[in-house]
2 protein chains.
Amino acid sequence: MKAKGRKDEGRLGGDQLERVAHLFKAFAEPTRLAILQELKGGSRTVGEVVTAIGTSQANVSKQLRILREAGVVKHEKQGTSVSCSIADPVVFELCELVCDKINRDLARDTAPLRF
Amino acid sequence: MKAKGRKDEGRLGGDQLERVAHLFKAFAEPTRLAILQELKGGSRTVGEVVTAIGTSQANVSKQLRILREAGVVKHEKQGTSVSCSIADPVVFELCELVCDKINRDLARDTAPLRF
DNA sequence: AATCCATATTCCCATGCAGCGATGAAAGCG
DNA sequence: CGCTTTCATCGCTGCATGGGAATATGGATT
């Protein structure tokens with residue numbers, strides 16, 4: 001009967017919820033979102049990302065590690081530098097859904113201009 | 001020409017990135033995900049959520065507030081108690097995308113059993 | 001080997017925040 | 001009016017983490 005997981009109609013346990021939360025957390029930071037936005041334009045070296053988003057190199061490296069370990073960004077050694085790129089197109093879908101929701105809510109706030 | 005925002009091919013500024021990050025942050029916590037999962041089954045009072053996920057009432061109230069302020073959960077006074085429900089179906093899409101991604105990555109980790 | 005460059009890592013500090021206990025506030029009910 | 005129920009809020013503590021400065025690592029060039 002394969003009672004593996006799935007004990008309560010697909011309700012997730014604590015460990016799995018932590019997994020999900022951990023992945024969401026990768027997106028829950030302006031600096032990391034800025035990095036993702038930069039990578040949306042294609043592969044960039046770490047140095048290019050640093051100059052693009054204007055924070056310290058140490059910080060970019062650290063945030064890139066978080067994104068990589070979340071399976072969101074991919075690293076590739078290319079000659080002397082390291083080239084980064086989006087590892088999973090789900091990034092775009094997630095960001096689009098979230099942005100659309102924000103825009104909807106903003107419209108709802110601003111809409112009552114009707115007179 | 002409506003030059004509102006949109007200064008660099010749709011790249012978001014710091015404030016807007018913070019908005020996006022803030023919304024993602026609402027999902028970046030196991031307790032809040034457990035609450036959302038419980039509400040996925042329909043409206044629940046605060047008390048029902050408390051007994052369902054097994055943490056303090058104070059904590060549930062606080063996390064519900066965060067979810068409500070993020071526009072993710074809706075509160076409605078019903079008699080003596082407060083009924084909560086999912087305010088935006090985008091919740092389901094987001095969670096589904098994230099879960100699918102995790103399952104894909106897990107499969108990729110477990111797959112190389114080939115010999 | 002010495003050196004330069006691009007990244008990664010370590011140490012440190014400050015902030016944020018989840019969780020608990022206690023208290024407050026507000027609506028039903030005797 | 002008190003009393004209970006239901007939920008929200010406050011104060012607090014411990015832990016996680018974003019960010020900077022300094023340092024380590026590792027490849028390339030000379």
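Within every chain, numbering begins at 1; the chains are lettered A, B, ... in the order of the sequence lines, protein sequences first and strands thereafter.
Remark: A:His75 is in phosphate contact with C:dA8, judged by side-chain N or O atoms under 4.0 Å from OP1 or OP2. Contact annotation: A:Thr45 does not reach the phosphate of C:dA6 (side-chain N/O to OP1 or OP2, under 4.0 Å).
A:Thr80 comes within 4.0 angstrom of the backbone, heavy atoms only, and of no base. Here B:Ser61 lies in heavy-atom contact (under 4.0 Å) with a base. When heavy atoms are screened at a 4.0 angstrom cut-off, A:Glu29 is found touching the sugar-phosphate backbone but no base atom.
One can place CG of A:Asn59 at 19 Å from P of C:dC12, the figure rounded to the nearest angstrom. Spacing between atom CG of B:Leu33 and atom C1' of C:dA18 amounts to 14 Å, rounded to whole angstrom units. A:Lys62 has its NZ atom 13 Å from the P atom of C:dA8, to the nearest Å. Rounded to whole angstrom, the span from the CD atom of A:Gln57 across to the C1' atom of C:dC5 amounts to 11 Å.
Looking at A:Asn59, its side chain never comes within 3.5 Å of a backbone N or O of A:Thr55 through a donor-acceptor pair. Judged purely by atom type and a 3.5 angstrom limit, A:Thr51 uses its side chain to pair as donor or acceptor with the backbone of A:Glu48. Using modelled atom types, one side-chain atom of B:Gln37 and one backbone atom of A:Leu12 make a donor-acceptor pair closer than 3.5 Å. Listed for the A:Glu69 side chain is no donor-acceptor partner under 3.5 Å among the backbone atoms of A:Ile66.
Within residues 63-72 of chain A, the residues that have a heavy atom under 4.0 Å from DNA chain C are, in order of number, A:Arg65.
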* side chain to side chain contact (heavy atoms under 4.5 Å, CB included) between A:Ile53 and A:Ile35: does it pass, once the steps are laid out? -> CA-CA 7 Å; A:Ile53 74 176; A:Ile35 293 176; 3.6 Å; yes
* Step by step, work out the side chain to side chain contact (heavy atoms under 4.5 Å, CB included) result for A:Glu96 and A:Glu93. => CA-CA 5 Å; A:Glu96 201 178 327; A:Glu93 306 181 54; 5.8 Å; no
* Worked check of salt bridge (charged side-chain N to carboxylate O under 4.0 Å, His left out) between B:Lys101 and B:Asp105 -> CA-CA 6 Å; B:Lys101 195 251 187 302; B:Asp105 291 356; 2.8 Å; yes
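The two residues B:Phe24 and A:Ala28 come nearest to each other via the heavy atoms CB-CA, 3.9 Å.
The closest side-chain donor-acceptor pair between B:Gln63 and B:Arg32 falls under 3.5 angstrom.
A nucleotide of DNA chain D counts as in contact with chain B when one of its atoms lies under 4.0 Å from a heavy atom; the first and last such, 5' to 3', are D:dT6 to D:dT9.
Between A:Ala58 and A:Lys25, the residue anchored closer to the 5' end of DNA chain D is A:Lys25, taking for each the nucleotide with the nearest heavy atom.
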